[in-house]
Participant: 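Right, I'll just put the structure down here and ask away after.
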Amino acid sequence: MILVIVVAALAVTLAACNNATTQGQLVDAWKGPYERYTYTVNDSAYEGTEGTYVSEIFYHAAYNAETNPEKVTVGDSTFEQREGYLIRSTLEATIDGKAHLIVTECYFSLTDGSSYLLPSATFRSESVDGTEMLRMNGTYSGNSLSYTLKTPSSEKKGNVGLGSVYYDNNEFHQSLRGISTFSTSFSFGFTTAVVNATEQTSASLTLSVSGTENISGLEFGSVGKNEEGAEITSEKTSLECYKATLSRSTTVAGASQTLYYTVDPVYAAVSEEGSETLISTYDNGWWALPHVLAAIVEPYKDAKGKAQTVTYTLTDISLIRPADGE
């Protein structure tokens with residue numbers, strides 16, 4: 001249960017921000033029809049890797065009965081959307097012989113005229129060995145989240161009030177890429193609604209950048225430039241990243257995540273035959289992906305009180321949207 005507990009307790013899986021535009025903190029980071037980021041999941045308490053984490057971003061035009069009649073579905077809710085993005089993340093891992101599956105979704109309206117990336121609806125499902133242990137559906141209105149939370153033994157409905165700058169707990173990591181003022185001394189506070197089997201509350205989080213660090217040996221190829229300025233092709237990729245700590249005011253000191261966002265954009269293009277996504281670490285005119293999340297390091301203590309970490313490491317970037325049903 002390690003991955004499930006840590007993700008829920010520290011708000012590990014992603015979001016959107018209200019009133020951030022007026023504070024100059026958040027912009028539209030994506031601007032494209034589709035992005036997919038795949039990560040390996042490695043728990044230091046076990047041998048090898050334990051699973052895979054996939055985060056997908058889907059662009060949706062505003063609903064229009066004539067020109068764009070397709071509605072957006074988030075969990076159990078279908079609605080007529082403003083222009084925006086659906087983020088869907090899937091975490092699959094095997095711990096102590098049990099298969100864990102966490103699926104999260106949130107839809108963000110691109111703008112309401114004054115603020116960017118406002119969360120509209122959110123969803124979370126947690127299953128163990130094929131049995132759903134938690135199912136949460138929520139909708140945002142103003143500065144509050146209305147939710148329905150189901151477990152095998154109960155069903156709850158409630159509301160969580162939030163501050164003026166808030167993110168969706170299910171999907172905030174990708175929208176943090178939209179911070180326009182990243183620097184080595186950046187700090188940003190926000191609130192999020194934490195709704196799970198043990199708590200239904202508003203939590204205060206702080207993202208603080210302490211410097212930069214090179215994340216090397218990433219398991220995908222790229223083109224770049226050497227010291228002489230000549231283009232080179234590498235089978236593995238290194239990315240210079242901002243090292244950011246995400247801490248929660250109500251957790252034990254030291255139990256904070258570390259997030260690694262690229263300093264410079266990663267550039268991507270679909271190959272001529274449309275079968276693969278090509279990656280570049282310098283600006284060669286391809287699509288710019290700002291502040292790509294290269295890694296997450298999440299600490300926890302095991303049953304014996306020993307310090308452990310769960311590390312999510314980027315292994316693939318794709319601009320190719322899968323066919324329906326895949």
Side-chain angles (χ1 to χ4, degrees), residues 12-17 25-42 52-59 85-91 104 106 108 116-117 167 171-184 186 188 207 209-225 234-246 257-270 276-298 311-321:
V12 156
T13 22
L14 307 125
C17 185
Q25 300 289 0
L26 200 66
V27 297
D28 179 5
W30 307 309
K31 302 183 179 70
Y34 179 78
E35 297 174 24
R36 182 175 71 248
Y37 300 89
T38 301
Y39 303 79
T40 57
V41 180
N42 188 347
T52 303
Y53 175 60
V54 179
S55 183
E56 299 176 280
I57 303 164
F58 302 83
Y59 170 79
Y85 299 92
L86 173 69
I87 298 180
R88 176 185 298 132
S89 298
T90 304
L91 174 63
T104 59
C106 186
F108 306 110
Y116 275 112
L117 300 177
Y167 282 68
E171 301 292 352
F172 67 73
H173 288 89
Q174 288 295 339
S175 56
L176 285 173
R177 291 173 53 203
I179 294 172
S180 60
T181 51
F182 258 122
S183 70
T184 55
F186 176 80
F188 180 49
L207 182 79
V209 179
S210 59
T212 62
E213 187 171 318
N214 187 267
I215 304 298
S216 61
L218 297 174
E219 297 289 337
F220 56 90
S222 62
V223 295
K225 287 189 175 181
S234 302
E235 293 184 0
K236 294 187 178 182
T237 297
S238 296
L239 298 172
E240 188 70 16
C241 295
Y242 289 115
K243 182 180 180 181
T245 299
L246 180 69
Q257 295 175 22
T258 303
L259 312 177
Y260 294 88
Y261 290 98
T262 58
V263 174
D264 298 318
V266 174
Y267 298 89
V270 177
E276 64 176 323
T277 298
L278 309 175
I279 301 298
S280 173
T281 57
Y282 76 98
D283 187 357
N284 59 353
W286 293 352
W287 193 265
L289 307 174
H291 302 312
V292 168
L293 181 59
I296 305 171
V297 179
E298 183 179 68
T311 302
Y312 305 76
T313 304
L314 183 65
T315 59
D316 185 67
I317 299 172
S318 179
L319 302 181
I320 302 171
R321 181 169 179 165

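Computed from a prediction, not measured in an experiment: that's the story for all the values here.
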Participant: Taking all non-hydrogen atoms of both residues into account, name the closest pair between Y39 and L293 and its distance.
Facilitator: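 The answer is OH-O, 2.7 Å.
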Participant: Are F220 and L314 close enough that some pair of their side-chain heavy atoms sits under 4.5 Å apart?
Facilitator: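 Yes - at least one pair of side-chain heavy atoms lies under 4.5 Å apart.
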Participant: Looking only at heavy atoms, what is the nearest atom pair of T281 and S222, with distance?
Facilitator: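 In this case the closest contact between T281 and S222 is CG2-OG, 3.9 Å.
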Participant: Can you see which heavy atom on V209 is nearest to which on S183, and at what distance?
Facilitator: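 Closest approach of V209 to S183: CG1-O, 3.1 Å.
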Participant: May I have the step-by-step check of side-chain contact (heavy atoms from CB on, under 4.5 Å) for T258 and E213, ending in yes or no?
Facilitator: CA-CA 11 Å; T258 303; E213 187 171 318; over 6 Å; no
Participant: Give me the one residue out of T40, T38, I296 that meets side chain to side chain contact (heavy atoms under 4.5 Å, CB included) with T313.
Facilitator: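 Answer to the side chain to side chain contact (heavy atoms under 4.5 Å, CB included) test with T313 among T40, T38, I296: T40.
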Participant: Return the CG to NZ distance between L259 and K243, rounded to the nearest 0.5 Å.
Facilitator: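 Rounded to the nearest 0.5 Å, the CG-NZ separation comes out at 11.5 Å.
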Participant: Measure from the side-chain N and O atoms of R88 to the backbone N and O of E56, and report whether any donor-acceptor pair falls under 3.5 Å.
Facilitator: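 Pair absent, no side-chain N/O of R88 close to backbone of E56.
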Participant: Return yes if some donor-acceptor pair links the side-chain N/O of T262 with the main-chain N/O of V292 below 3.5 Å, else return no.
Facilitator: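 Checked: pair present.
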Participant: Treating R36 as the side-chain partner and V54 as the backbone partner, does any N or O pair qualify as donor plus acceptor under 3.5 Å?
Facilitator: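 Not confirmed, R36 side chain does not pair with V54 backbone.
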Participant: For the residue pair E35 and I317, establish whether any side-chain heavy-atom pair is separated by less than 4.5 Å.
Facilitator: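 The answer is no; the side chains never approach within 4.5 Å.
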Participant: What distance do F188 atom CZ and T181 atom OG1 have between them, rounded to the nearest 0.5 Å?
Facilitator: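 F188 atom CZ to T181 atom OG1 measures 8.0 Å (nearest 0.5 Å).
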Participant: Can you see which heavy atom on T277 is nearest to which on S318, and at what distance?
Facilitator: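 Closest approach of T277 to S318: OG1-CA, 3.4 Å.
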Participant: Quick one: closest heavy-atom pair of L176 and Y261, and the distance?
Facilitator: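 Residues L176 and Y261, closest heavy atoms: CB-OH, 3.4 Å.
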Participant: Kindly compute the distance separating CG (L207) from OG1 (T245), expressed to the nearest 0.5 Å.
Facilitator: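 It is 8.0 Å, given to the nearest 0.5 Å.
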Participant: Are any of the side-chain heavy atoms of P265 and D283 separated by less than 4.5 Å?
Facilitator: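 A side-chain contact is absent here, since even the closest heavy-atom pair is not under 4.5 Å.
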Participant: What is the minimum heavy-atom distance between V223 and Y282, and which atoms define it?
Facilitator: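 Distance-wise, the nearest heavy atoms are O-CD2, 4.2 Å.
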Participant: Working to the nearest 0.5 Å, report the span between CD1 of I215 and OG1 of T237.
Facilitator: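 Rounded to the nearest 0.5 Å, the CD1-OG1 separation comes out at 12.5 Å.
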Participant: Using side-chain contact (heavy atoms from CB on, under 4.5 Å), reason through Q174 and Y85 one step at a time and then give a plain yes or no.
Facilitator: CA-CA 11 Å; Q174 288 295 339; Y85 299 92; over 6 Å; no
Participant: Between atom OG1 of T315 and atom CG of L218, what is the distance when rounded to the nearest 0.5 Å?
Facilitator: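 Spacing of OG1 (T315) from CG (L218) equals 9.0 Å.
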Participant: Kindly compute the distance separating CD1 (I87) from CZ (F58), expressed to the nearest 0.5 Å.
Facilitator: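 The CD1 atom of I87 sits 10.5 Å away from the CZ atom of F58.
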Participant: Assess the residue pair F182 and V263 against the criterion (side-chain contact (heavy atoms from CB on, under 4.5 Å)); give the C-alpha distance rounded to whole Å, side-chain angles, the decisive distance to 0.1 Å, and a yes or no.
Facilitator: CA-CA 8 Å; F182 258 122; V263 174; over 6 Å; no
Participant: With a 4.5 Å heavy-atom cut-off, do T184 and Y242 have their side chains touching?
Facilitator: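 The answer is yes, as the side chains (C-beta and beyond) meet within the 4.5 Å cut-off.
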Participant: Going by side chain to side chain contact (heavy atoms under 4.5 Å, CB included), L319 matches just one of V270, L278, I279. Which one?
Facilitator: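 Between L319 and the candidates, side chain to side chain contact (heavy atoms under 4.5 Å, CB included) is satisfied uniquely by V270.
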